[in-house]
Amino acid sequence: MKALEKDGWRITDDPLYLKFGDRKLYVDLGAQNDTIGAEREDYKIAVEIKSFLSVSPVADMESAAGQYALYKRILALQQPDRPIYLAIPQRAYVNLFQNEFGELVRDTFSISLLIFDEEDETIIQWIP
């Protein structure tokens, strides 16, 4: 969250509440940047944060990709102007997403990434 704030984002929802049918879902964050959108007054995003700290990186990847895909679909129906990003620490990007398996998962689910430095709490890279 601090990385987003340092990057000029205002946290508007913590968590971002979604309702679909009789189910309630919560994306980790909703954020807004009043300066990024050149053609709009504001630019809103949803951010799902994953740490990838379990003993099974594959299970973490499956869980993250599944949640991301579900939230992305619901947001497309309910808030089509709010893209979702999967926020991951740099070590997860290097160890999990920069190999053949990670690329397959990212391509399959069309995952947009927000890569952050855990220690500095800064955003390193946005990958749409």
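Just so you know, residue 1 is the first one in the sequence shown, and it goes up from there.
- Under a hydrophobic-cluster definition in which Ile, Leu, Val, Met, Phe, Trp and Tyr are linked whenever side-chain heavy atoms come within less than 4.5 Å, directly or via other members, Leu53 and Met61 are assigned to different clusters.
- Checked by atom type and distance alone, the side chain of Glu48 never pairs as donor or acceptor with a backbone atom of Val27 at under 3.5 Å.
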Checking side-chain contact (heavy atoms from CB on, under 4.5 Å) for the pair Leu4/Ile123: CA distance, chi angles, key distance, verdict? CA-CA 7 Å; Leu4 281 168; Ile123 294 173; 3.8 Å; yes

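- Both Trp9 and Val47 are part of a single hydrophobic cluster, where members link through side-chain heavy atoms under 4.5 Å apart.
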All N/O donor-acceptor pairs, side-chain side in residues 17-25, below 3.5 Å, sequence neighbours left out:
unit_1	atom_1	unit_2	atom_2	d
Lys19	NZ	Gly21	O	2.7

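- Summarising the local packing, CZ of Arg73 is surrounded by 12 or fewer heavy atoms from other residues, nucleotides or ligands at distances under 6.0 Å.
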Stepwise, does the side-chain contact (heavy atoms from CB on, under 4.5 Å) test hold for Leu96 with Ile88? CA-CA 10 Å; Leu96 298 171; Ile88 60 171; over 6 Å; no

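- Taking Lys72 as the reference, nothing meets the salt bridge (Lys or Arg N to Asp or Glu O under 4.0 Å) condition, with sequence neighbours excluded.
- The shortest heavy-atom contact between Thr12 and Ala31 is OG1-N, 3.8 Å.
- In this structure Phe52 satisfies the ring-ring contact (aromatic ring centres under 6.0 Å, His included) test together with Phe97, sequence neighbours excluded.
- Every residue two or more places apart in sequence or in another chain that forms a ring-ring contact (aromatic ring centres under 6.0 Å, His included) with Tyr85 is listed here: Trp126.
- Connection of Leu70 to Leu86 is established within a shared hydrophobic cluster, with ILVMFWY side chains joined at heavy-atom distances below 4.5 Å, either directly or through further cluster members.
- The minimum heavy-atom distance linking Ile115 with Gln90 is given by the pair CG2-CA, 3.7 Å.
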Tell me, with the steps shown, if Gln98 and Tyr93 meet side-chain contact (heavy atoms from CB on, under 4.5 Å). CA-CA 6 Å; Gln98 287 192 316; Tyr93 178 66; 3.1 Å; yes

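- Heavy atoms of other residues, nucleotides or ligands lying less than 6.0 angstrom from CD of Gln125 number more than 12.
- For the atom pair Leu16 CG and Ile45 CD1, the distance stands at 10.5 Å (nearest 0.5 Å).
- Atom NZ of Lys6 sits in a crowded spot, with more than 12 heavy atoms from other residues, nucleotides or ligands closer than 6.0 Å.
- Between Phe109 and Ala69, the shortest heavy-atom contact is CD2-CB, 3.6 Å.
- Scanning for side-chain hydrogen bond (donor to acceptor under 3.5 Å, both in side chains) contacts around Gln79 gives Arg82, with sequence neighbours left out.
- The heavy-atom pair separating Pro128 from Ser112 by the smallest distance is C-OG, 3.4 Å.
- Hydrophobic clustering (ILVMFWY, side-chain heavy atoms < 4.5 Å, transitive): Val94 and Leu104 are in distinct clusters.
- Val105 and Ile127 end up in the same hydrophobic cluster when Ile, Leu, Val, Met, Phe, Trp and Tyr side chains are linked at under 4.5 Å.
- For Lys50 against Pro89, the heavy-atom pair with the smallest separation is O-CD, 3.2 Å.
- Annotation for Ala3 and Phe116: closest pair CB-CB, 4.4 Å, computed over non-hydrogen atoms.
- Residues passing the salt bridge (Lys or Arg N to Asp or Glu O under 4.0 Å) test with Glu5: none are found, sequence neighbours excluded.
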